There are 2 protein chains.
Amino acid sequence: MNIKELHYFQRLFQEISFTKTAKFFHVSQPTITAAVQRLEKELDTQLVIRDQSHKNLIFTDSGKQFEKHVEQILQEIETAKLEITAIKKEKVRLGLPPIIGSYYFPSLSSLLVKHDLLSRLETHEDGSKLLLNKLITGQLDLALLGSVQRIENEQLSGHMLSRKKFKIIVSRTHPLSQKRSVAFKDLLSEPFIQLNERFIHSIAFQQLSRQTHTKPAIIYRTNDLQIIKGMVANNVGISFLTEMAILPQDPVVALALSDDLQPEFLIQLVYRSNHLLTSVQQKIVDLMTTNDF
Amino acid sequence: MNIKELHYFQRLFQEISFTKTAKFFHVSQPTITAAVQRLEKELDTQLVIRDQSHKNLIFTDSGKQFEKHVEQILQEIETAKLEITAIKKEKVRLGLPPIIGSYYFPSLSSLLVKHDLLSRLETHEDGSKLLLNKLITGQLDLALLGSVQRIENEQLSGHMLSRKKFKIIVSRTHPLSQKRSVAFKDLLSEPFIQLNERFIHSIAFQQLSRQTHTKPAIIYRTNDLQIIKGMVANNVGISFLTEMAILPQDPVVALALSDDLQPEFLIQLVYRSNHLLTSVQQKIVDLMTTNDF
DNA sequence: CTGTAGTCATAAAATTTATTAATATGAGGC
DNA sequence: GCCTCATATTAATAAATTTTATGACTACAG
């Protein structure tokens, strides 16, 4: 069994045509026939039923099942190649969602500079979902992920780096701005300006809504924090953000939530469980997990 | 890249010797040298540092990382072969832990007989942990698993079939036998006879202990239900079992637990997510999930 | 009904790739 | 300096893959 045969087979599964598969790989048609026959011989089973009153190939149960595995195997090879390329370049590919990139990573980066590691880093900003996918497919070595729940995935290992609170943001002239804290259920009649669904803020918000049986109106959604802060400052509405994303110079007031069970913004350092950390990667992981910032 | 090379490489990683690896596969030593060189050329990286003041081979970071992937790939191929063998034999390999095999499966099997499916089944009795492992490595197609928590695993799909209660078992002459139900914390001074750690009963028991801050003494552990029932009948102690495992003819009395939050014995039908169900397997799954017994 | 185009299988030849036997290199031990 | 052990190199050979040429079968148009 060799990888080329697996590629042929996978393509055949998609094309349902020996001829087209052969054309795709710029080889002759009997090459595909022979390759599939070799696979069938090695696995001692029929994978494809040919001709059947002509016009359509049919894959047997074995063939369909085998294709699933082939996909997995080729994916694994792809992952291996990507990782090796990164090792050769001596670059560590770190994934970051935008908020962590803007508000958490900077303090971390000064630490990295001190240890001459920042130059080794290649940061990739993306949404959390995509980052997870890229980790699993070997497109990233490490990722800093924000989530409401601890990441539990057989394929991934994680370290908890930090837990941030969610806060309610109001303008300086808003009646609530005089208070220190507020209960979520008291915000029922407030119009909210929120980060959109791609941010875990919306999950945390939903969770609070459910818990407190309170569903405040969300009058506007955006993925731009500056817009949210601007709208809040102008009393268009109030918002719900991680404390991390609020800077002292922002023209808004942050109130703590007084609810008992409140969601937290968890920042975790994550990598594939069967990713072997190179010495540089290990240094970065150590630095992140042993320091507090 | 072909599979043989990957086998050679994996063995080299274990043996740390080209010569020994060659002997293992009954090939000449240059065969291994050449195979590794081909891999290095294809991946365009050095995998092994040879000779280094002689005596020891060293694998580079790329080499170590690659070996992890090779392991995964070869595992996947093994899984594929096992599954295809099972498909050819037209047998469905169903895993069962002992209690489910003895007390749940029989009622299911009469249903299977009715649809002429029992003959297609090949049951494998084993502990839950081993069953999970066998599912993932393709040694089983389906498994009925008992657990306290829903199975959450990226690689597995599951259907909840049944939820059974845990009960307290006492002899017919025991003072408690007059009661209908009992709170766990009132059992503090009772000596328990328990199934051993391989059964989820011990997890459920621990959970109840923790919840109620009550730690009754366990005076004997065994994996044999008959022994437990016998000892309970003779007033050696009381026990904690799923209702499922208690038959009307057993010389014991089963009491419900009156606690609010009590663990349940969940019976789930589980299979690998990327396992394609054959038509027979699909029939069995449908039968199990649409009937109640 | 016949001719044509399309699909896949087979066989033999051509080509590429993998393996071997023989030998070289290089280090450590004596 | 010589022997041993481990891996690399090389040329020859064996094995595998691919190609070319061809045949069988079917669908479809005329």
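Per chain, numbering begins at 1; letters A, B, ... match sequence-line order. All figures in this text were calculated on a predicted structure; none of them were measured in a lab.
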For DNA chain C, which residues of residues 31-39 of chain B approach it to below 4.0 angstrom with any heavy atom? T31(B), R38(B)
Check DNA chain C against residues 13-22 of chain A and give the residues with a non-hydrogen atom under 4.0 Å, in numerical order. S17(A), F18(A), T19(A)
Given dA8(D), dT20(C), dC8(C), identify the nucleotide with an atom nearest to the side chain of Q29(B). dA8(D)
Please tell me which of the listed nucleotides, dT10(D), dT19(D), dT17(D), lies nearest to the side chain of E5(A)? dT17(D)
H275(A) and Q281(A) side chains, donor-acceptor separation under 3.5 Å: yes
Quick one: do the T33(B) and Q29(B) side chains pair a donor with an acceptor below 3.5 Å? yes
With sequence neighbours left out, write down each residue that passes ring pair (Phe, Tyr, Trp, His ring centres under 6.0 Å) with [X], or none if nothing qualifies.
{"X": "F24(A)", "result": "none"}
{"X": "F18(B)", "result": "none"}
{"X": "Y8(A)", "result": "F25(A)"}
{"X": "F59(A)", "result": "F9(A), F13(A)"}

N-O pairing of E15(B) and K23(B) below 4.0 Å: no
At under 4.0 Å, does any side-chain N or O of N2(A) touch on OP1 or OP2 of dA16(D)? no
Taking only N and O in the side chain of K4(B), is any of them less than 4.0 Å away from OP1 or OP2 of dT19(C)? yes
Whether Q65(B) side chain and N274(A) backbone form a donor-acceptor pair below 3.5 Å: yes
Please give, in whole Å, the distance from [N] [atom2] to [X] [atom1]?
{"X": "L57(A)", "N": "dT26(D)", "atom1": "CG", "atom2": "P", "value": "15 Å"}
{"X": "H26(B)", "N": "dT20(C)", "atom1": "NE2", "atom2": "P", "value": "12 Å"}
{"X": "E40(A)", "N": "dC8(C)", "atom1": "CD", "atom2": "P", "value": "13 Å"}
{"X": "N56(B)", "N": "dC5(D)", "atom1": "CG", "atom2": "P", "value": "18 Å"}
{"X": "L12(B)", "N": "dA6(D)", "atom1": "CG", "atom2": "C1'", "value": "12 Å"}
{"X": "K41(B)", "N": "dA18(C)", "atom1": "NZ", "atom2": "C1'", "value": "14 Å"}
{"X": "M1(B)", "N": "dA16(D)", "atom1": "CE", "atom2": "C1'", "value": "18 Å"}
{"X": "E42(A)", "N": "dA16(D)", "atom1": "CD", "atom2": "C1'", "value": "13 Å"}

Describe the nucleic acid contact of F25(A) in one word from base, sugar-phosphate, nothing, applying a heavy-atom distance below 4.0 Å. nothing
Smallest heavy-atom separation, V48(B) atom then L12(B) atom, equals CG2-CD2, 4.2 Å
